[in-house]
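As the structure is a prediction and not an experimental result, all values here were calculated from the model. We use all heavy atoms of the structure for the numbers below, so side chains are in, but hydrogens, waters and symmetry mates are not.
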Number of protein chains: 2
Amino acid sequence: MGDTPDGTTSVPEPSLDEQIAVYQREFQDLDPQVEKVVSALSRLNRRMNVAYGRQTAALGISNAEWEVLKALVISGAPYRMGPSELAKQLGLTPAAMTHRIDRMTAEGLVTRERDESNRVRVIVELTDEGRSKWLDAMRAATIFEEDLLQDLSTAERGVLGDMLTRLLDRVEDLQSPS
Amino acid sequence: MGDTPDGTTSVPEPSLDEQIAVYQREFQDLDPQVEKVVSALSRLNRRMNVAYGRQTAALGISNAEWEVLKALVISGAPYRMGPSELAKQLGLTPAAMTHRIDRMTAEGLVTRERDESNRVRVIVELTDEGRSKWLDAMRAATIFEEDLLQDLSTAERGVLGDMLTRLLDRVEDLQSPS
DNA sequence: ACTGAAGACTTCATACCTAAAGTTCGACGC
DNA sequence: GCGTCGAACTTTAGGTATGAAGTCTTCAGT
């Protein structure tokens, strides 16, 4: 029907609703309402990560490095954490954390030193430059985020935040059924 | 104060609200409502990917392979696509797509052949085994997804889907300002 | 037809992640 | 005190991604 002359069909990318319609044909038991929520979540996150990646690249750091800066700032002054603590929060293996800290130390974003009171431990600390990069990235991010939510009223933002928080609580229950 | 005896402080992971409270101290211009939405989105997606990863691993495929199967099924019968088309939808480089198709071909999930009508093109086609794996993964995924949304009423699910779709439209506008 | 430009995929070099083994230090029992 | 266990981090090996260069096919101009 609406195909292009050659075989490519040019597929710019199927819209969410088109995608769900096909899924329903292929898989009868599908709840389209549920599928819409999870597919939108997944797509949205991919796009947002692309956007963040562009912003951090413009500042000369990677998205991965920004995650580390964020975790350190969130820990509060004096902005110090151990590698394994960082790894846990970022969902990385300790090995990956070691390498990432290597790179960030070389770039002057953090320092690494042994804890003198317990020499098994290592302390990663944010440098002034690291804090400054975090601030720059944060400024860019908040502009983007405000722009992203522009079409939602204050009330809607509140409702959305609540619902997402509830989903988050739920998924944490499912994963650690204490 | 509330610290554990040793130095670890055990940081199970800061709650969303704790995290935002620190952010506000460190960065005055932050809108906590906006931050709550984007942080919840990000965390939620990470958890969901972990859950999907467990399920697909149990079926003997990776999350990455499942993404390819999904794209092929969504394209509709006869479940054929070109590598670059797939790469675009999955957000990969063509090179990564080549390797992924290599692996999946070796595992019997898809076949790869040259398009005889245009010998520059390659056609990736879902095998019966690939379709069967997709179905298995889909069954597991829908159970998880239904479980995840369990606490939301039908009306809430609809509202959530609408809001996420609007955000998705917005982010697509921001990225391709046609 | 022949040549050059553009497109589709692959290959190569490099980067970063995971899993598992290795190293070093601190804690506990004898 | 001394030896063993366990914890925290690092190192190594292997897999999968990216970016750039290479190969092959098609299309358009002459």
Rounded to whole Å, the CD-P distance (E85(B) to dC9(C)) equals 9 Å

Could you say whether A96(A) or I101(B) is positioned toward the 5' end of DNA chain C, judged by the nucleotide with the nearest heavy atom to each?
-> I101(B)

So what does S84(B) hit on the nucleic acid, given a heavy-atom distance under 4.0 Å: a base, only sugar-phosphate, or nothing?
-> sugar-phosphate

Does the R166(A) side chain pair with the main chain of D151(B), one donor and one acceptor, at a distance under 3.5 Å?
-> yes

Scanning both residues in full, the closest heavy-atom pair of L164(B) with A40(A) reads CB-CB, 3.7 Å

Comparing S117(A) and L92(A) on DNA chain C - which has the more 5′ nearest nucleotide = L92(A)

Per A95(B) side chain, nearest of listed nucleotides dC9(C), dG19(D), dC9(D) | dG19(D)

Answer yes or no: does a side-chain N or O of R119(A) lie under 4.0 Å from OP1 or OP2 of dA7(D)?
-> no

Separation of I123(A) atom CD1 from dA8(D) atom C1', in whole Å?
-> 13 Å

Side chains of Y23(B) and E18(B), donor plus acceptor under 3.5 Å | no

Nearest to side-chain heavy atoms of R121(A), which nucleotide of dC9(D), dA17(D), dC9(C) = dC9(D)

How is R114(B) classified with respect to the nucleic acid when contacts are heavy atoms under 4.0 Å: base, sugar-phosphate, or nothing?
-> nothing

In whole Å, what is the span from the CE atom of M104(A) to the P atom of dC16(C)?
-> 12 Å

Which comes earlier along DNA chain D counting from the 5' end, the contact point of V120(A) or that of H99(A), where each point is its nearest nucleotide?
-> V120(A)

Just how far, in rounded Å, is C1' of dT16(D) from CG of N63(B)?
-> 14 Å

Contact class for P94(B) vs. all strands (heavy atom < 4.0 Å): base, sugar-phosphate, or nothing?
-> base

When the distance from CG of N118(B) to P of dT26(D) is rounded to whole Å, what number comes out?
-> 6 Å

Could you state the atom-to-atom distance from CZ of R46(A) to P of dA17(D) in whole Å?
-> 13 Å

Assign the ring pair Y52(B) / W66(B) to parallel, tilted or perpendicular, where the plane angle (0 to 90°) is split at 30° and 60°.
-> tilted

Does a nitrogen or oxygen in the side chain of R103(B) sit under 4.0 Å from OP1 or OP2 of dA17(D)?
-> yes

Rounding to a whole Å, what distance do you find between L86(A):CG and dT10(D):P?
-> 12 Å

Nearest-angstrom distance from the residue atom CD of E107(A) to C1' of dC16(C) = 13 Å

Residues S117(A) and D115(A): side-chain donor-acceptor under 3.5 angstrom | yes

